[in-house]
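In what follows, a structure is listed as C-alpha cells, so that the remarks can point back to it.
Here is how names work: the chains are called A, B, and so on, in the same order as the sequence lines, proteins then strands, and each is numbered from 1.
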Number of protein chains: 2
Amino acid sequence: MADERGDLHASVAEMLRGGSQRYTKNRRDVIQILEEAERPLTIPEILEGGDGLAQSSVYRNLAVLEQTGVVHRVQSTDEWARYELAEDLTGHHHHLICSSCGSVDDFTVPPEMEESLHQVFDQVSSRTGFNPEHHRLDLVGTCARCD
Amino acid sequence: MADERGDLHASVAEMLRGGSQRYTKNRRDVIQILEEAERPLTIPEILEGGDGLAQSSVYRNLAVLEQTGVVHRVQSTDEWARYELAEDLTGHHHHLICSSCGSVDDFTVPPEMEESLHQVFDQVSSRTGFNPEHHRLDLVGTCARCD
DNA sequence: CTCAGTGCAAAGGATTTGCATGCCG
DNA sequence: CGGCATGCAAATCCTTTGCACTGAG
C-alpha cells in the first residue's frame with residue numbers, strides 16, 4: 001500500500017479493482033472531500049462539500065467503500081455516523097470526541113503505548129477466545145470550541 | 001448476592017433522589033435486568049428480560065437513568081444502542097465488541113496501563129485544548145460464538 | 001389532589017431501497 | 001450492448017413524542 005498522498009486516488013482505485021468495484025466520479029469526489037477534511041465527516045457534511053451529490057448515492061458509495069476497506073465508519077456521541085479514510089491510507093490514529101457537539105478530531109499516541117496495548121490485548125484474547133481485529137481508543141470530552 | 005443487590009438499588013435510589021427523580025418499579029426492573037446481564041444490553045433484550053415493560057417507558061426511563069448518571073449508553077458496530085450500569089456502580093472497564101453480531105462484553109486492563117493512558121491523555125489535552133471527561137478503549141473483532 | 005410515570009399509537013429522522021434512466025467497460 | 005451507478009421518491013426501522021390514564025406522595 002503506497003502511503004504517498006499524491007497516490008491516494010491510485011491506491012483507492014486499486015483497492016476497488018481488487019473488490020471488482022469501479023472508481024466513479026461520485027466515489028472520487030467523496031474520497032477527495034474526506035481527504036481534505038482530515039477528520040471524520042457526517043453525510044450532511046459530505047453532501048455540502050460535494051457538487052450536487054445525491055444523498056442516496058453517497059450512502060451507497062460509502063457502503064461500497066467501507067466494504068472494500070477504503071473508508072471507515074466512526075461512531076460519535078450524537079446520532080450521525082461519520083466517515084474517514086481507512087487507516088491503511090492515513091495511518092493508525094485515535095479520536096477526540098466532543099460530547100457536546102459530536103465533532104471528531106484525530107490524535108496519536110506514542111508507539112510504546114501502542115505496543116503495551118497490543119500486549120494487553122493479546123492476553124485478553126487468549127483468555128476469552130475473542131479474536132481481535134483492531135482497537136478503538138477514544139477520548140470523550142468537550143472540544144475547545146464548546147468549552 | 002442479596003447484600004450487593006440491596007446496595008445497588010439503594011445507591012441508584014439515592015442517585016435518582018439527588019436528581020429529583022423517583023425510583024419506580026419499571027426503573028427498578030430495568031436496573032435489575034442490567035445488573036444480571038453483566039454486559040451492555042439492547043432495548044429489545046431489556047424488553048425480553050422484563051415482564052410486560054412498555055417499549056416507550058424503557059426508552060424514557062433509560063434517558064432519565066442516563067442523565068442521572070446511573071446507566072451509560074454504549075455504541076457497538078450495529079444499529080442498536082446498548083445500555084449498562086454506569087462505572088460509578090460497576091467499576092472502570094472496557095469492551096470487547098463483536099463486529100459480526102454486535103454483542104458487547106467487558107474486560108479490564110492493568111492499573112499501570114490505565115495510568116500510562118492518563119498521562120498520554122493529559123499531554124494530548126494540554127496540546128489541543130480538548131477537555132477530557134473519560135476514555136473509551138474497545139477491542140473490535142469476532143467473539144468466540146461468531147468464529 | 002397533583003404531578004410525574006405509564007402505555008398505546010402515531011410521528012420523527014437517519015438510513016435504505018425500488019425503479020427508471022444514464023453511463024462506463 | 002449489458003450491467004453497474006445514479007437520482008428521485010417512497011419505505012424502513014430505531015427512537016421519540018402526544019395524549020389520556022394511573023398511581024405515588
Side-chain angles (χ1 to χ4, degrees), chain A residues 9 12-33 40-68 70-83 101-104, chain B residues 9 12-33 40-68 70-83 101-104:
Chain A
H9 288 297
V12 172
E14 187 177 354
M15 292 172 80
L16 284 171
R17 256 197 309 279
S20 303
Q21 298 286 349
R22 301 175 192 164
Y23 199 24
T24 63
K25 176 181 180 303
N26 275 355
R27 292 175 186 177
R28 186 176 298 261
D29 285 354
V30 168
I31 294 296
Q32 186 74 40
I33 292 164
L41 296 182
T42 64
I43 273 84
E45 286 173 331
I46 295 173
L47 288 171
E48 283 175 25
D51 186 27
L53 285 172
Q55 191 188 47
S56 60
S57 294
V58 171
Y59 273 104
R60 270 193 276 235
N61 283 327
L62 285 171
V64 168
L65 292 168
E66 191 186 14
Q67 285 171 2
T68 324
V70 175
V71 305
H72 184 238
R73 184 184 200 149
V74 179
Q75 282 293 358
S76 177
T77 51
D78 58 18
E79 294 306 304
W80 290 288
R82 284 172 169 76
Y83 290 85
C101 71
S103 71
V104 181
Chain B
H9 288 298
V12 172
E14 188 177 354
M15 292 173 80
L16 283 172
R17 256 197 309 279
S20 303
Q21 298 286 349
R22 300 177 191 162
Y23 198 24
T24 62
K25 177 182 179 301
N26 274 355
R27 292 175 186 177
R28 189 175 296 261
D29 285 355
V30 169
I31 295 297
Q32 186 74 40
I33 292 164
L41 296 183
T42 63
I43 274 84
E45 286 173 332
I46 295 173
L47 288 171
E48 283 175 25
D51 186 27
L53 286 172
Q55 191 187 47
S56 60
S57 296
V58 171
Y59 273 105
R60 270 193 276 234
N61 283 327
L62 285 172
V64 169
L65 292 168
E66 191 186 15
Q67 285 171 0
T68 323
V70 175
V71 305
H72 184 239
R73 185 184 198 146
V74 179
Q75 282 292 0
S76 176
T77 50
D78 57 19
E79 293 308 303
W80 292 290
R82 284 173 169 76
Y83 291 86
C101 70
S103 72
V104 181

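Using a 4.0 Å heavy-atom criterion, one finds that B:Gln21 contacts the sugar-phosphate atoms exclusively. Heavy atoms of A:Ala81 sit under 4.0 angstrom from primed sugar atoms or phosphate atoms, though from no base atom.
At whole-Å resolution of the value, CZ in B:Arg17 and C1' in D:dG25 are 14 Å apart. Atom C1' of nucleotide C:dG7 and atom CG of B:Asn26 are separated by 10 Å, given to the nearest angstrom. One atom, CD1 of B:Ile43, and another, P of D:dC14, lie 11 Å apart when rounded to the nearest Å. Distance A:Lys25 NZ to D:dC4 C1': 17 Å, rounded to the nearest Å. Counting to the nearest Å, the C1' atom of D:dA5 and the CG atom of A:Leu65 are 13 Å from each other. Look at OH on B:Tyr23: it is 14 Å from P on C:dG5, rounded to the nearest Å. In this structure, the OH atom of B:Tyr59 is 18 Å from the P atom of C:dG12, given to the nearest Å. Atom CG of B:Asn61 and atom P of C:dG7 are 9 Å apart (whole Å).
Remark on DNA chain D: of its neighbouring residues A:Ser56 and B:Glu79, the 5'-side contact belongs to A:Ser56, judged by nearest-heavy-atom nucleotide. Each of B:Arg60 and B:Arg22 was matched to the nucleotide of DNA chain C holding its nearest heavy atom; the match closer to the 5' end belongs to B:Arg22.
For D:dG7, one of the phosphate oxygens OP1 or OP2 lies less than 4.0 angstrom from a side-chain nitrogen or oxygen of A:Ser57. For the pair B:Thr24 and D:dG23, the criterion of a side-chain N or O lying under 4.0 Å from OP1 or OP2 is not met.
Contact record, B:Val58 with B:Ile43: CG1-CG1, 4.2 Å, taken as the closest heavy-atom pair. B:Pro40 and B:Arg82 make their closest contact through CB-CB, 3.8 Å (heavy atoms, listed as atom of the first residue, atom of the second, distance). Closest non-hydrogen pair, B:Asp78 versus B:Cys101, comes out as OD2-O, 3.8 Å.
Side chain of B:Ser76 to backbone of B:Gly102: a donor-acceptor contact under 3.5 angstrom is found. The closest donor-acceptor contact from the side chain of B:Arg27 to the backbone of B:Leu65 lies at 3.5 Å or more, if one exists at all.
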